[in-house]
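Worksheet: the structure to be examined is printed underneath.
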Amino acid sequence: NTMEEAEGAMGDWFEPTASGKFRNRLLILTNDSYTALLLAHPEWTIPDGDAVLLLDHNGALPAPWQDVYTRLVCCYGASYEAARLIKELGGERTAIVMANPLIQAPQEIKQGFVDGFRAGGGTFDDEADTYYLGQGIDEGFDQADSLYRLCATLATEKRYAFVLPVCGGSIQGALRYTRDYPGSFYTCGIDVDMQSYSAKVAFSIMKHMDSLIVDFLGHWLSGEAQEHDKIYEVDSPYAELHISERFLAEHPNALEILQSYQDDAVTVGLGFYKR
């Protein structure tokens, strides 16, 4: 759906008469791009008994949206681990492709990867090795063809060994490119296990958002008091680095390497969120 369609659906949900048919409605906004729509419509109000849950947002929203529940699952640690693993296994040059420079949650994935790669002795140039598919906050998420074309440059001209695509649905462009050119770089699944999409998916930085939502619903429906704004940091159960079976077969020491610095990832990650 387009943001215009989302805006229309959200406007209907916030209509006071809409809540009359049902009780205790919960509107779940799945990423931070919906924040701009909320802020653009201060005239919308949350009907009594209903609630809004905004995912992938760090911190409270300003009035009149301070009653929105926000949740951010920290993937800094999993991304840090991914970078350390790639560096330990010989990946000398890495690139990060992001949807745009404005959306919030992917920034901590990027920073975790950069910090982990550098901690392992690698060199990462923030400007030269970071690529953006768009510039606006709602851009870059559905440009798989653009990423596919960019991947040709990253593989053949730049000769990166690993590409981290943090760009929503556009990631399909990287998965398709690595299927078409299996001799190219390794890549990473984002949010869910993507190893079935390409043999070049070394691992996936997974968010267990289904578990988070189920847990939230259970507390909310039971009437338990909950924090309005919460970050699930690197020691939470909602994020993990999952190594692909094929990659593990090629690198049987990968789990041992990963376990050797998992404590370090937690320590560094906790420090990241206290900056």
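In what follows, residues are counted from 1 in the order of the sequence shown. Below, each value reflects all heavy atoms present in this structure, side chains not excepted, and no hydrogens, waters or symmetry copies.
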For Y197, look at atom OH and say whether over 12 heavy atoms of other residues, nucleotides or ligands are found less than 6.0 Å away. no

Under the criterion ring-ring contact (aromatic ring centres under 6.0 Å, His included), I'd like the reasoning laid out for Y232 against Y238: C-alpha separation, chi angles, the key distance, then a yes or no. CA-CA 7 Å; Y232 295 96; Y238 298 127; 4.9 Å; yes

Y186 and E250: side chain donor to acceptor below 3.5 Å: yes

Euclidean distance, T187 OG1 relative to I86 CD1, rounded to 0.5 Å: 9.5 Å

Heavy-atom donor-acceptor pair, T130 side chain to E127 backbone, under 3.5 Å: no

Check: N31 side chain, D56 main-chain N or O, donor-acceptor pair, under 3.5 Å: no

Can you measure from SG (C74) to CD1 (I109) and round to the nearest 0.5 angstrom? 9.0 Å

Salt bridge check: are D145 and R176 linked by an N-O gap of less than 4.0 Å? yes

Does the side chain of T94 reach to within under 4.5 Å of the side chain of F117, using non-hydrogen atoms? yes

Ignoring hydrogens and geometry beyond distance, is a side-chain donor-acceptor pair present between Q66 and H228 at under 3.5 Å? no

Is it true that D129 and K158 have a side-chain N and a carboxylate O under 4.0 angstrom from each other? no

Is there a donor-acceptor pair under 3.5 Å between the side chain of K200 and the backbone N or O of S184? yes

Please determine whether side-chain contact (heavy atoms from CB on, under 4.5 Å) holds for the pair D50 and W13, giving the CA-CA distance in whole Å, both sets of side-chain angles, and the decisive distance to 0.1 Å. CA-CA 10 Å; D50 294 342; W13 190 92; 3.7 Å; yes

Less than 4.0 Å between a side-chain N and a carboxylate O, is that true for D126 and R118? yes

Has the side chain of S244 got a donor or acceptor atom that lies under 3.5 Å from a matching backbone atom of V201? yes

With a 6.0 Å cut-off on the ring centroids, do F162 and F203 count as close? yes

Rounded to the nearest 0.5 Å, the CG atom of L154 sits from the CZ atom of R159 at a distance of 12.5 Å

Can you tell if the side chain of D191 reaches within under 4.5 Å of the side chain of I205, non-hydrogen atoms only? no

Where do E81 and A265 come nearest, in terms of heavy atoms and distance? CG-CB, 3.7 Å

Does the side chain of H242 pick up a donor-acceptor pair with the side chain of E240 at under 3.5 Å? no

Heavy-atom closest pair (M98 atom, I96 atom, distance to 0.1 Å) is CG-CG2, 3.8 Å

Is the shortest side-chain heavy-atom distance between Y76 and V268 below 4.5 Å? yes

Membership question, hydrophobic clusters at under 4.5 Å side-chain separation (ILVMFWY): are L147 and F185 in the same one? yes

Go through it in stages, so that I can follow the logic: the residues are L212 and L55, the test is side-chain contact (heavy atoms from CB on, under 4.5 Å), and I'd like the CA-CA distance, side-chain angles, deciding distance and then a yes or no. CA-CA 10 Å; L212 185 155; L55 303 177; 4.1 Å; yes

Do T178 and S198 meet the criterion of a side-chain donor-acceptor pair at a distance under 3.5 Å? yes

Within-4.5 Å side-chain heavy-atom neighbours: E256 and L258: no

May I ask whether F141 and L102 are part of the same hydrophobic cluster, defined by side-chain heavy atoms of I, L, V, M, F, W, Y residues being less than 4.5 angstrom apart, directly or through others? yes

Where do H57 and L72 come nearest, in terms of heavy atoms and distance? O-CB, 3.6 Å

Hey, could you give me the CG/CD distance between D12 and E7, rounded to the nearest 0.5 Å? 11.0 Å

Taking all heavy atoms of S204 and all of D193, pick out the closest pair and write down the distance. OG-CA, 3.5 Å

Please check if the distance between the ring centroids of Y80 and F113 is under 6.0 Å. no

Distance-only, no hydrogens or angles: does the Y160 side chain make a donor-acceptor pair with backbone N or O of E157 under 3.5 Å? no

S170 to L133 - nearest heavy-atom pair and separation: CB-CD1, 3.6 Å

Please give me the minimum heavy-atom distance between Y34 and A6, naming the atom from each residue. CE2-CB, 3.7 Å

Would you confirm whether Q107, through its side chain, and P101, through its main-chain N or O, come within 3.5 Å as a donor-acceptor pair? yes

Crowding at CZ, R246 (>12 non-hydrogen neighbours, <6.0 Å): no

Greater than 12 external heavy atoms within 6.0 Å of E43's CD: yes

Any side-chain heavy atom of I243 sitting closer than 4.5 Å to one from L85? yes

Treating Ile, Leu, Val, Met, Phe, Trp and Tyr as nodes and any side-chain heavy-atom pair under 4.5 angstrom as an edge, say whether Y132 and V97 lie in one connected cluster. no

Heavy-atom side-chain proximity of W44 to W65 below 4.5 angstrom: yes

As an exercise, state the distance from OG of S236 to NE2 of H208, rounded to the nearest 0.5 Å. 9.0 Å

Hey, is D264 close enough to R84 for a salt bridge, meaning N to O under 4.0 Å? yes

Student check: side-chain heavy atoms of I257 and L255 closer than 4.5 Å: no

L26 vs L217 side-chain heavy atoms within contact, under 4.5 Å: yes

